[in-house]
2 protein chains.
Amino acid sequence: MNEQDFLADYDPRAYPAVAVTVDVVALTIRDASLHLLLIRRAEQPYAGHWALPGGFVRPDEDLTDAARRELAEETGLGGERLRRVHLEQLASYGAPDRDPRMRVVSVAHLAFAPDLPDPAAGTDAAEAAWVPVAGLTARPLAFDHGRIVDDALERARSKLEYTPLATRFLATEFTIGDLRAVYETVWGHPVHAGNFHRKVLSVPGFVEGTGTSTERGGARGGPRARLYRAGDARLLHPALLRPAREETAR
Amino acid sequence: MNEQDFLADYDPRAYPAVAVTVDVVALTIRDASLHLLLIRRAEQPYAGHWALPGGFVRPDEDLTDAARRELAEETGLGGERLRRVHLEQLASYGAPDRDPRMRVVSVAHLAFAPDLPDPAAGTDAAEAAWVPVAGLTARPLAFDHGRIVDDALERARSKLEYTPLATRFLATEFTIGDLRAVYETVWGHPVHAGNFHRKVLSVPGFVEGTGTSTERGGARGGPRARLYRAGDARLLHPALLRPAREETAR
DNA sequence: AGAATAGTGTCTCTAAGACACTATACT
DNA sequence: AGTATAGTGTCTTAGAGACACTATTCT
């Protein structure tokens, strides 16, 4: 039976219900390590476990709008600051048994946020916090959220290669060193400072100079660094490729 | 309200119904041009328009399983031949008004198929056919399927760059010339034969020789070509990058 | 014979990465 | 003073692309 035949004589109330939710993997960098926004579940199943923020898609809402709303609710963010957060669709997860209560298809999203204040405690019934990604292996997330986070991290690492979205983790003005710290944190390995510096400046539209410099040098010494803004490029040519990993190639 | 609170006291029957469907953008190469599998709608809305094959996700079916089932139903394919078709999730489309009848969230998939016979007429109520992609601009597709196809084509062009999936458009044994024809057809521009040849053989795991050659030379002359099989690489290192397009970069 | 293709050789230019070095500003 | 960082210079090597050329097999 085809979609159109099916829809033509389809009675929504008679069909097994499917719920559509959005979940958000919101990443940020705090204290030089990668964090993501999680909420702690109060109810069964998975009571006490951490889970991704998310919720039902409302009747008149597009998918990404729903994700942005959920993000706003959990972070207390709004207006200009919310608009600066990068948000994109990641993938959909719909294994029949992924939620023990009913059939739930979740459209997962990926967000890159600058360093934000802690979620205001008490705005919501659930506890929400920025949690270090590194500590996640110890405590498994609710549902299939661990798998979703894995996919999100791989997407994030890949996005830094060929888009200028690393700047979305930073304030509007940043130094090349700040930008390099984003790459090192997300990729999880050091990046050569000198080569990175030259490379970033050579890619058209990645960053543009402000003409100003930092007020002070680095905390442990060094000259004042020039400040840059995000440029107008949407893709990086040439890309900043991670070193090839043989395991993933085969 | 959070997902877990919401779900805890959620009555599926009381909530506005959302339907979840899968749609498939199945690509193949016929007569040296890119084709996709479409069905012609018999019913309103969009009666007479071409649309993507697709349908409802069944209660105990994962999303990609549903897409593979839809593809099998429309192509009449099964077993080993169906398993050789590459199928991956593309993205989900859920604008509130994308279907005039009700709220439908569609999880679109992308398929790469070798040249297949025409869909058997009459196996299904709807007419199904492989349609040249080039002619689509003239006749708009139903719903937002035009947008989905655009996204699918861009994903396909990009996938050829960094994965060996071009081989999925071909039979198990193919020549380097066959492979180059896939790239030229999907990318829509000529690729330098000599450089392509050397490049493909230099990427580890892209193709492996069979030790045999074609029975005859090319239709318009030329020596017999060596035959290759797909190798074991899942990613191409280094990638076969398309020439940079300035428009998309900015 | 003439033409088209398979496959290889060679050269140039870009880009990545390793390393070195200077200048600056911190503790 | 000692040390860390910003930023630049230089060298080597890999890879992309342009071009040329031979061998083979078609009409």
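Only a predicted model underlies this, so the values are computations on that prediction, with no experimental measurement involved. Letters go in sequence order (proteins before strands), and every chain restarts at 1.
The shortest non-hydrogen separation linking Pro117(B) to Trp130(B) is O-NE1, 3.6 Å. Taking both residues in full, the closest heavy atoms of Val191(B) and Arg180(B) are given as O-CD, 3.7 Å, listed atom of the first, atom of the second, then distance. Among all heavy-atom pairs drawn from Arg84(A) and Leu170(A), the shortest one is NH2-O, 2.7 Å.
Taking only side-chain nitrogens and oxygens, His197(A) comes nearer than 4.0 Å to OP1 or OP2 of dG7(D).
Rounded to an integer number of Å, the gap from CD1 of Ile176(A) to P of dG7(D) is 7 Å. Rounding to whole angstrom units, CZ of residue Phe174(B) and P of dA6(C) are separated by 14 Å. Atom-to-atom, CG of Leu179(A) to P of dA6(D) comes out at 12 Å; the value is rounded to the nearest Å. As a whole-Å value, the separation of Arg242(A) CZ from dA16(C) C1' is 16 Å. With rounding to whole Å, Phe206(A) atom CZ is found 16 Å from dA15(C) atom C1'. Taking atom CG of residue Leu201(A) and atom P of nucleotide dA15(C), one finds them 14 Å apart after rounding to whole Å. The interatomic distance linking Phe196(A) (CZ) with dT8(D) (P) rounds to 14 Å, in whole Å. In this structure, the NZ atom of Lys199(B) is 21 Å from the P atom of dT10(C), given to the nearest Å.
Heavy-atom neighbours of Arg139(A) CZ from other residues, nucleotides or ligands within 6.0 Å: at or below the threshold of 12.
Using a 4.0 Å cut-off between charged side-chain N and carboxylate O, Arg224(B) and Glu215(B) make no salt bridge. Of the charged side-chain nitrogens involved, none lies within less than 4.0 Å of a carboxylate oxygen, so that Glu154(A) and Arg147(A) do not count as a salt-bridged pair.
For Arg180(B), taking side-chain heavy atoms from C-beta onward, the closest of the listed nucleotides dA6(C), dA15(C), dT8(D) is dA6(C).
For Ser213(A), the side-chain hydrogen bond (donor to acceptor under 3.5 Å, both in side chains) criterion is met by no residue, not counting sequence neighbours.
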Table of protein N/O atoms under 3.5 Å from nucleotides 10-13 of chain D N/O atoms:
{"unit_1": "dT10(D)", "atom_1": "O4", "unit_2": "Arg198(A)", "atom_2": "NH1", "d": "2.7"}

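Between Phe196(B) and Tyr183(B), the ring center distance clears the sub-6.0 Å criterion.
Comparing His192(B) and Pro238(B) by the nucleotide of DNA chain D that holds the closest heavy atom to each, the one mapping nearer the 5' end is Pro238(B).
Looking at Glu74(B) and Leu37(B), their side chains come closer than 4.5 Å, going by heavy atoms from C-beta outward.
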Checklist outcome for this item: Each nucleotide of nucleotides 22-27 of chain D classed B (base within 4.0 Å of a protein heavy atom), S (only sugar-phosphate) or -, in 5' to 3' order, makes -BBBBS

